[in-house]
Amino acid sequence: MNLQSMTGFARSAAESEGTSIAWEVKSVNGKSAEVRLRLPQGFDRLETAVRQTVQKLFARGNFQATLTVGRAAARQIQPVVNEAFLKDLAGLAKRLQEQFGTEPATADGLLSLRGVLDIPEAVETEEERAALDAAILSAFEAALAGLEQARRSEGEALGALLAGHMDAIEALTLKAEADPSREPAAIRERIAEQLRLLMDVSANLDAARLHQEAAFLATKADIREEIDRLKTHVASGRALLKGGGAVGRKLDFLAQEFNRESNTLCSKSNAAAVTAIGLELKAVVDQFREQVQNLE
């Protein structure tokens, strides 16, 4: 069974030209493939490629991906000093000292003043940027591969659990089908007893009409169609589990059908034993549907 859960977590790390790259990705249940990104400043350019990569690999889930980039130490760059401005500031500091007795200016103090010293940022070439982007996307694909494996592992466990629920639904369906209360003789006996009780209460009741109503109610209470449909749904569910893939939506629809048939079976039942089976069936169907919500 090639099934996936919609929950999982993975991380990956890489390095490119001294720059460290780290991705953390996680997913939870979702109706479609929704992606939320946390990218460092300046890396918004990767957003489209990242979203497309996720949506190409996964059909459903709410995904969150966080990128951390640790830049290498900046290359040695010659600082630029505005000497004319520095000279003016030094002259002003000297005059203030002579006129007002202020402390003499220090070199580090003057150099720390805004506009005196400038350290240009390293300029990244197009080739360097392209190489870094490629490394980041490659690390992201590695993280998604880990996430996919985590989702498959949990999906395999979910598949086994759902198959067990399917077996239980089939067993209860067969139990309802074989219940002695559904035998024609048992049905006739119950109806005859009910008619005797009614006739004993009032002799004015039309016996022929009562027999017609009883026959109608017996037909209405027949659960043959519900049992047949439950068997068909079990076969469909097993085929979906065996086929694998993104079958969560289809199995959720099937769970609704199971629930509808079990409700109808309970409402039609005219025997306590069948009603008890129907209630047990509803409990198993609820468990089945709850687990299906986690499947892609």
Side-chain angles (χ1 to χ4, degrees), residues 2-81 108 111-159 244-246 248-249 291 293-296:
N2 187 19
L3 301 173
Q4 281 194 40
S5 165
M6 283 192 285
T7 60
F9 173 83
R11 61 163 55 95
S12 71
E15 188 172 319
S16 175
E17 299 296 329
T19 298
S20 63
I21 302 164
W23 278 104
E24 285 191 355
V25 292
K26 64 180 180 179
S27 68
V28 295
N29 295 1
K31 293 182 179 180
S32 58
E34 298 290 336
V35 185
R36 296 180 181 178
L37 301 176
R38 296 179 63 184
L39 303 175
Q41 185 176 358
F43 287 89
D44 294 343
R45 63 183 182 269
L46 299 174
E47 184 172 341
T48 300
V50 168
R51 291 184 184 279
Q52 289 176 346
T53 302
V54 172
Q55 292 168 351
K56 182 173 62 175
L57 288 175
F58 303 100
R60 295 176 66 197
N62 282 326
F63 297 83
Q64 182 173 314
T66 302
L67 170 64
T68 304
V69 176
R71 290 288 193 175
R75 294 190 295 268
Q76 294 297 321
I77 300 174
Q78 187 68 31
V80 178
V81 179
D108 59 342
L111 289 173
S112 66
L113 293 175
R114 189 173 183 179
V116 176
L117 182 65
D118 181 36
I119 301 178
E121 292 185 0
V123 178
E124 189 176 50
T125 66
E126 288 297 328
E127 291 77 9
E128 289 172 335
R129 175 178 292 187
L132 179 58
D133 287 357
I136 290 173
L137 292 176
S138 177
F140 184 61
E141 290 176 357
L144 289 186
L147 179 65
E148 184 177 23
Q149 182 57 48
R151 286 167 50 116
R152 287 189 187 282
S153 296
E154 190 170 337
E156 184 177 351
L158 276 174
R249 288 183 184 278
Q291 294 301 328
Q293 304 302 314
N294 300 316
L295 205 60
E296 183 184 50

Asks: For A143 versus A10, what's the shortest heavy-atom pair and its separation?
Replies: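 The answer is O-CB, 3.4 Å.
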Asks: Main chain of A134, side chain of S138: is a donor-acceptor contact present, judged purely on distance under 3.5 Å?
Replies: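 Not a single qualifying donor-acceptor pair exists.
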Asks: Locate the shortest heavy-atom distance separating G244 from L3; write the atom from each residue and the value.
Replies: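 The pair with the smallest heavy-atom distance is CA-CD2, 3.6 Å.
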Asks: R60 side chain to S32 main-chain N or O, any donor-acceptor pair under 3.5 Å?
Replies: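 It does not hold such a pair.
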Asks: Heavy-atom count around R45 CZ within 6.0 Å, excluding the residue itself: above 12?
Replies: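 Enclosed: over 12 neighbouring heavy atoms sit under 6.0 Å from CZ of R45.
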Asks: Where do F58 and M6 land on the side-chain contact (heavy atoms from CB on, under 4.5 Å) test, with the steps shown first?
Replies: CA-CA 9 Å; F58 303 100; M6 283 192 285; over 6 Å; no
Asks: Could you give me the CA-CA distance, side-chain angles and deciding distance for L147 and L144, then say whether side-chain contact (heavy atoms from CB on, under 4.5 Å) is met?
Replies: CA-CA 5 Å; L147 179 65; L144 289 186; 4.3 Å; yes
Asks: Take E17 and E128 through the test side-chain contact (heavy atoms from CB on, under 4.5 Å) and record every step on the way to the result.
Replies: CA-CA 9 Å; E17 299 296 329; E128 289 172 335; over 6 Å; no
Asks: Closest heavy-atom contact between I21 and A135?
Replies: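 Nearest pair, atom of I21 first, then A135: CD1-CB, 3.7 Å.
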Asks: Would you check, one step at a time, whether the test side-chain contact (heavy atoms from CB on, under 4.5 Å) holds for F63 with L57?
Replies: CA-CA 12 Å; F63 297 83; L57 288 175; over 6 Å; no
Asks: Among all residues two or more places apart in sequence or in another chain, which pass the side chain to side chain contact (heavy atoms under 4.5 Å, CB included) test with A13?
Replies: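 For A13 there are no side chain to side chain contact (heavy atoms under 4.5 Å, CB included) partners, ignoring immediate neighbours.
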Asks: Is it the case that atom CZ in R11 sees more than 12 heavy atoms from other parts of the structure closer than 6.0 Å?
Replies: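 Result for CZ/R11: open.
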Asks: Okay, side chain of S16, backbone of T19: is any donor-acceptor separation there less than 3.5 Å?
Replies: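 Judged by distance alone, no pair lies under 3.5 Å.
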Asks: For the side chain of S12 and the backbone of A139, is there at least one donor-acceptor N/O pair under 3.5 Å apart?
Replies: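 Present.
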Asks: Working to the nearest 0.5 Å, report the span between OG1 of T53 and CZ of R51.
Replies: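 These two atoms lie 11.5 Å from each other.
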Asks: On a heavy-atom basis, which atom in L37 and which in E47 lie closest, and how many Å separate them?
Replies: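 So the two residues come closest at CD1-CG, 3.5 Å.
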Asks: Quick one: does F140's side chain get under 4.5 Å of V25's, heavy atoms only?
Replies: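 Yes; the side chains approach each other to less than 4.5 Å.
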Asks: Give a yes or no on whether the backbone of N29 and the side-chain of N62 come within a donor-acceptor separation of less than 3.5 Å.
Replies: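 Yes, N62 side chain to N29 backbone: donor-acceptor pair under 3.5 Å.
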Asks: If you take all heavy atoms of W23 and A65, which pair is closest and at what distance?
Replies: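 For W23 versus A65, the nearest heavy atoms are CZ3-CB, 3.9 Å.
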Asks: Do side-chain atoms of E154 reach the backbone of G8 as a donor and acceptor pair under 3.5 angstrom?
Replies: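 No.
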